[in-house]
Amino acid sequence: MYRLISATPSPYARKVRIQLAEKGIPFELITEVPWDSSTQTPQYNPLEKLPVLICEDGSSVFESRYINEWVELKHPEPALVPKDIDGILAVKRFEIIVDGMCDAMVLMFFEKAREPHLRSPEWTARQKRKLDGGLRELSRVIGAREFAHGDVFSMADIASGTVLKYIDVRWPENPWRAEYPNLAVYSDRLEQRPTFTATVPVPQIIRDKVA
Ligand SMILES: N[C@@H](CCC(=O)N[C@@H](CS)C(=O)NCC(=O)O)C(=O)O
């Protein structure tokens, strides 16, 4: 059976958890705090980041987008990526936007963790622009449709749904719901799927000094 190193707030890990569950692939969930020295993540990923998918033979797959692609290739059914080239590229585009938004939020989170006099408002503003730009683009492309790409659930929804809920957890005061009511409707609908309700992000306590 697969094992997945995951963290409860991680949007990157949540994408993989949802994908595995949607495909009905059993796995053992290993919950860790990747920022603490107690994590076993470095044993499986030289970049020391989770999620990490550990195979039965002990080999590991890391980097969430690569894990998603790996799982899709190894377990094609039910398909979560379209078969046509334009569809594949369109879904990948969603994944890229979402990962960029998540990266910007992680950077802002640790900037906020610094002593107030060490924080850089310019750096934070730069990251916030990336988050805002991503939201604007998701809102534009998804519009009032049920699914992000085409008329079926796909990796584009797993990615988009994951980043929207992550904003609620990491940054509850962010006004994205008021600014993009279409995305709020889209997110609330997705969050009703069993694979989403089973993986609602929860903040963790980080004990080590990170920033
Ligand atoms: N691009 C990576 C990002 C993963 C990532 O940043 N994971 C965080 C947890 S949410 C982590 O493990 N950080 C530890 C570190 O960067 O040292 C992916 O998509 O897997």
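Counting starts at 1 for both ligands and their atoms, following the listed order.
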Hey, what polar pairs (N/O, under 3.5 Å) does ligand 1 make with protein?
residue	atom	partner	partner atom	Å
ligand 1	1 (N)	Glu63	OE1	3.4
ligand 1	1 (N)	Glu63	OE2	2.6
ligand 1	7 (N)	Leu50	O	2.9
ligand 1	12 (O)	Leu50	N	2.9
ligand 1	19 (O)	Glu63	OE2	3.3
ligand 1	19 (O)	Ser64	N	3.3
ligand 1	19 (O)	Ser64	OG	2.6
ligand 1	20 (O)	Ser64	N	2.8

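Remark: Arg170 qualifies as a cation-pi partner of Phe109 under the 6.0 Å distance and 45° angle criteria applied to the six-membered ring.
Cluster note: Tyr2 groups with Leu4, Val16, Leu20, Ile25, Phe27, Leu29, Leu53, Val61, Tyr66, Ile67, Trp70, Val71 through ILVMFWY side-chain heavy atoms spaced under 4.5 Å, whether in direct contact or through intervening members.
With sequence neighbours excluded, the residues satisfying salt bridge (charged side-chain N to carboxylate O under 4.0 Å, His left out) with Lys23 are Glu72.
Around CD of Glu115, the count of heavy atoms belonging to other residues, nucleotides or ligands within 6.0 Å does not exceed 12.
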Validation: residues 124-131 side-chain donor-acceptor distances under 3.5 Å, sequence neighbours left out:
residue	atom	partner	partner atom	Å
Thr124	OG1	Ser120	O	3.2
Lys128	NZ	Asp132	OD1	3.4
Lys128	NZ	Asp132	OD2	2.9

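Here Arg177 pairs with Asp188 in a salt bridge; the nearest charged N to carboxylate O distance falls below 4.0 Å.
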